[in-house]
Amino acid sequence: MRALRVGNFSGFYGDRADALREMLTGGEVDVLTGDYLAELTMLILGRDRLKDPDAGYARTFLRQLEDCLGLAHERGVRIVTNAGGLDPAGLAEGVRRLAERLGVPVRVAHVEGDDLGAAHPGALAAHAYLGGFGIAACLRAGADVVVTGRVTDAALVTGPAAAHFGWQPGEYDRLAGAVVAGHVLECGTQATGGNYAFFREGDVRRPGFPLAEIHADGSSVVTKHPGTGGFVDVGTVTAQLLYETGGARYLGPDVTARLDTVRLAQDGPDRVRIEGVRGEAPPPALKVGLNRLGGFRNEVVFVLTGLDVEAKAALVREQLADALAKAPPAEVRWDLVRTDRADAGTEETASALLRLVVRDPDQRLVGRALSGAAIELALASYPGFHVLAPPGKGAPYGVFEEAYVPQDTVDHVAVLPDGRRVTVAPAPDTAAPGPLPEPPLPEPLPPGPTRRAPLGLVTGARSGDKGGNANVGVWARSDDAWRWLAHELTADRFRELIPESRDLPVTRHVLPNLRAVNFVVEGILGAGVAAQARFDPQAKALGEWLRSRHLDIPEALL
């Protein structure tokens with residue numbers, strides 16, 4: 001059976017609007033997938049729905065589809081998207097109305113059952129992460145467009161692959177291969193040079209979107225349409241494989257994919273082959289993402305210019321101490337960011353930033369009383385007093401939490417194009433993931449001269465968020481660099497290089513096939529991205545910070 005060509009046209013809510021047309025016109029493709037959902041997106045949609053009960057899905061998808069639905073129909077390309085968000089049935093109906101208005105005969109289906117809000121009162125959104133077999137049922141019934149709510153990102157690929165090849169639950173190696181391909185595609189251009197550590201090795205001004213040629217055995221080749229920007233090589237695929245992952249077991253509702261079995265090989269220009277992936281039975285529980293309002297937040301950023309930065313910061317803190325003491329918010333955080341330089345040639349580079357962030361369930365305690373106290377200092381504080389922006393009355397912030405429910409307690413339902421409702425059975429076999437033995441490390445490099453230099457000269461890295469945790473995947477680009485990296489970059493060395501992780505649990509996972517180590521730092525992001533607990537709330541640049549840190553690196557690698 002011929003390979004199934006699955007492409008991606010969206011990696012997040014707000015991605016490039018013309019990507020759908022680009023993927024439809026740029027080359028051959030069978031299925032296009034659009035990933036719109038993230039932990040933060042579910043919170044945004046939940047807040048939107050408070051104002052408008054019909055606002056629970058990604059409306060930008062309908063605008064993209066209006067321009068391209070006829071083209072997709074002409075070319076026989078099916079579209080699978082999780083843009084349904086909190087209301088997949090509502091978006092499916094919106095697609096039908098659009099198709100009728102455009103005169104395009106399109107069969108629309110959707111997947112539901114992920115919404116567990118009734119069991120979690122008070123949550124803005126509570127959704128189980130479903131697998132791909134609901135999508136497969138819709139496609140097997142002839143759907144041209146399939147809309148889902150909260151499925152795993154990889155399910156957008158495993159569902160079409162299962163439908164095309166006739167895979168059944170329990171075919172773990174094939175499903176695991178499709179999960180890996182789906183994980184590479186899910187973030188769009190991050191697989192084609194976007195956000196890539198070695199971005200200077202290609203033209204990434206406008207990277208093309210990726211696609212995967214998936215084969216019946218679950219192996220695949222990741223590529224992109226000819227003539228599009230960016231590039232696909234073992235490094236770009238490795239970077240995306242490590243993104244937002246943990247250990248060797250990548251858990252999902254249909255299969256647990258073993259990332260330690262993945263083998264990558266360059267298969268020609270802009271082509272990377274993925275093979276050897278092994279799968280195991282999925283865990284007995286489904287992950288549930290819970291988004292709720294955590295309270296209210298306010299922020300003031302004071303600009304401190306020139307001399308005596310530390311003394312200026314101390315003065316502001318003392319002056320605001322009374323205001324904060326009268327009605328103390330639940331959380332008060334001060335951060336002095338020394339962006340200033342001595343004898344600077346511009347005022348900006350002569351300035352440091354003092355950031356005050358307050359949080360409390362009561363908006364009054366972070367609102368105008370605090371803002372007023374800060375602004376009243378305008379003529380009565382340090383020389384050169386000004387702030388980046390006037391503080392407001394305090395804005396709501398969200399909190400993300402994980403929960404787990406048994407697979408057989410979730411009603412996973414495929415609503416077919418003719419309106420029939422088909423229940424999707426939970427996985428027939430499950431297995432609680434146990435510990436894996438630590439893989440053997442390569443032989444260390446022989447002793448030799450070293451030079452103090454940035455880690456990023458010999459390694460790439462990519463980092464991301466999962467709730468309050470962050471992961472940083474670091475990979476070597478040669479066997480010798482791997483021999484050094486595997487022994488040098490331990491969890492303890494990571495803590496030395498990233499000081500804010502020193503008091504947090506840090507776990508290192510070794511993935512020899514990828515010449516990579518993956519670090520999971522628990523709690524570094526507080527209550528998740530929406531809580532904005534740190535300067536980089538999604539840890540997107542944590543890996544680049546790590547690459548900039550200096551170590552004693554063997555001269556033979558430099």
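In this chain, residues are counted from 1 in sequence order.
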Spell out, as yes or no, whether a donor-acceptor pair under 3.5 Å connects the side chain of D114 to the backbone of R150. yes

Would a 4.5 Å heavy-atom cut-off, applied to side chains only, mark Y250 and D260 as touching? no

With sequence neighbours left out, what residues match D233 under salt bridge (charged side-chain N to carboxylate O under 4.0 Å, His left out)? none

Any side-chain to backbone donor/acceptor pair from R174 onto A216? Under 3.5 Å, distance only. yes

Decide yes or no for M42 and L86: does some side-chain heavy atom of the first lie under 4.5 Å from some side-chain heavy atom of the second? yes

Considering only heavy atoms from C-beta outward, does the side chain of F231 approach that of T236 to under 4.5 Å? yes

Working to the nearest 0.5 Å, report the span between OG1 of T339 and CG of L353. 4.5 Å

With side-chain contact (heavy atoms from CB on, under 4.5 Å) as the test, would you mind laying out the steps for V517 and V510 before giving the verdict? CA-CA 5 Å; V517 286; V510 180; 4.2 Å; yes

List the steps, then state whether side-chain contact (heavy atoms from CB on, under 4.5 Å) holds for F494 with V474. CA-CA 11 Å; F494 182 95; V474 185; 5.9 Å; no

Please test L504 against E522 for side-chain contact (heavy atoms from CB on, under 4.5 Å), starting from the C-alpha separation and ending with a verdict. CA-CA 6 Å; L504 299 172; E522 297 180 34; 5.8 Å; no

Nearest 0.5 Å please: distance from the CH2 atom of W475 over to the CG atom of L485. 11.5 Å

Within the distance-only criterion (no hydrogens, no angle test), does the side chain of H225 pair as donor or acceptor with the backbone N or O of L211 below 3.5 angstrom? no

Here's one to test your reading of the geometry: is the NZ or CZ of R477 within 45 degrees of the ring axis of F198 and under 6.0 Å from its centre? yes

What's the shortest heavy-atom distance between V234 and V272, and which atoms? N-CG2, 3.6 Å

Does T261 reach the main-chain N or O of R278 with its side chain, forming a donor-acceptor pair under 3.5 Å? yes

On a heavy-atom basis, the closest approach of G543 and S463 is N-OG, 2.9 Å

I'd like to know if the side chain of Q266 and the backbone of R271 have a donor-acceptor N/O pair within less than 3.5 Å. yes

Evaluate the side-chain proximity of V179 to T152: yes if any heavy-atom separation is below 4.5 Å, no if none is. no

Check ion pair R59-D48 (N to O, under 4.0 angstrom): no

With the side chain counted from C-beta on, respond yes when P253 and P282 share a heavy-atom pair under 4.5 Å apart, and no when they do not. no

Go through the steps to decide whether D217 and S219 satisfy the test side-chain hydrogen bond (donor to acceptor under 3.5 Å, both in side chains), and finish with yes or no. CA-CA 6 Å; D217 64 354; S219 65; 2.7 Å; yes

Look at the side chain of D536 and the backbone N and O of A541, then say whether any donor-acceptor pair between them is shorter than 3.5 Å. yes

I want to check something: taking the side chain as every heavy atom from C-beta on, are R206 and E22 in contact at a cut-off of under 4.5 Å? yes

V506 to A491 - nearest heavy-atom pair and separation: O-CB, 4.0 Å

What residues, two or more places apart in sequence or in another chain, satisfy salt bridge (charged side-chain N to carboxylate O under 4.0 Å, His left out) together with E496? R493

R502 CZ: over 12 foreign heavy atoms closer than 6.0 Å: yes

When rounded to the nearest 0.5 Å, the distance separating CG of N195 from OG1 of T189 is 7.0 Å

Any heavy-atom pair between the side chains of L436 and R249 that's under 4.5 Å? yes

Which heavy-atom pair separates H183 from L241 by the least distance, and what is that distance? NE2-O, 3.2 Å

Looking only at non-hydrogen atoms, find the nearest pair between P207 and V204 and report the distance. CD-O, 3.3 Å

Within 6.0 Å of CD in E438, more than 12 heavy atoms from elsewhere: yes

What distance do R258 atom CZ and D173 atom CG have between them, rounded to the nearest 0.5 Å? 11.0 Å

Taking atom CZ of R462 and atom OH of Y243, what is their separation to the nearest 0.5 Å? 8.0 Å

If only atom types and distance count, is the side chain of R508 paired as donor or acceptor with the main-chain N or O of F519 below 3.5 Å? no

Without swapping roles, check the side chain of T81 against the backbone of V147 for a donor-acceptor pair under 3.5 Å. no

Should the pair Y36 and F61 be assigned to parallel (<30°), tilted (30 to 60°) or perpendicular (>60°) ring geometry? perpendicular

Please round to the nearest 0.5 Å and tell me the distance separating atom CG of L546 and atom OG1 of T459. 7.0 Å

Examine distances only and state if a side-chain atom of R355 and a backbone atom of V301 form a donor-acceptor pair shorter than 3.5 Å. no

Could you walk me through whether L71 and L20 pass the side-chain contact (heavy atoms from CB on, under 4.5 Å) check? CA-CA 10 Å; L71 185 59; L20 179 54; over 6 Å; no

Quick check against the 3.5 Å criterion: does D35 have a side-chain atom that pairs as donor or acceptor with the backbone of S10? no

So, are D267 and R273 salt-bridged, with charged N and O less than 4.0 Å apart? yes

Test the R359-Y397 pair against the cation-pi criterion, namely NZ or CZ under 6.0 angstrom from the six-membered ring centroid and within 45° of the ring axis. yes

Check this for me, if you would: do K466 and E402 make a salt bridge, where the nitrogen-to-carboxylate-oxygen distance has to be below 4.0 angstrom? no

Quickly, which of V6, V80, N8 forms a side chain to side chain contact (heavy atoms under 4.5 Å, CB included) with L156? Name it, please. V80

Determine whether E39 and D465 make a side-chain contact, defined as any pair of heavy atoms from C-beta on separated by less than 4.5 Å. yes

Please output the side-chain donor-acceptor pairs of residues 550-558 that fall under 3.5 Å, not counting sequence neighbours, one pair per line with the distance.
residue : atom : partner : partner atom : Å
D552    : OD1  : R452    : NH1          : 3.4

Verify the neighbour count for atom CD of E201: are there more than 12 heavy atoms of other residues, nucleotides or ligands below 6.0 Å? yes

Which heavy atom of R47 sits nearest a heavy atom of P396, and at what distance? NH2-CG, 3.5 Å

CA sep, side-chain torsions, deciding dist, call: N518, N471, side-chain hydrogen bond (donor to acceptor under 3.5 Å, both in side chains): CA-CA 7 Å; N518 194 21; N471 92 290; 2.9 Å; yes

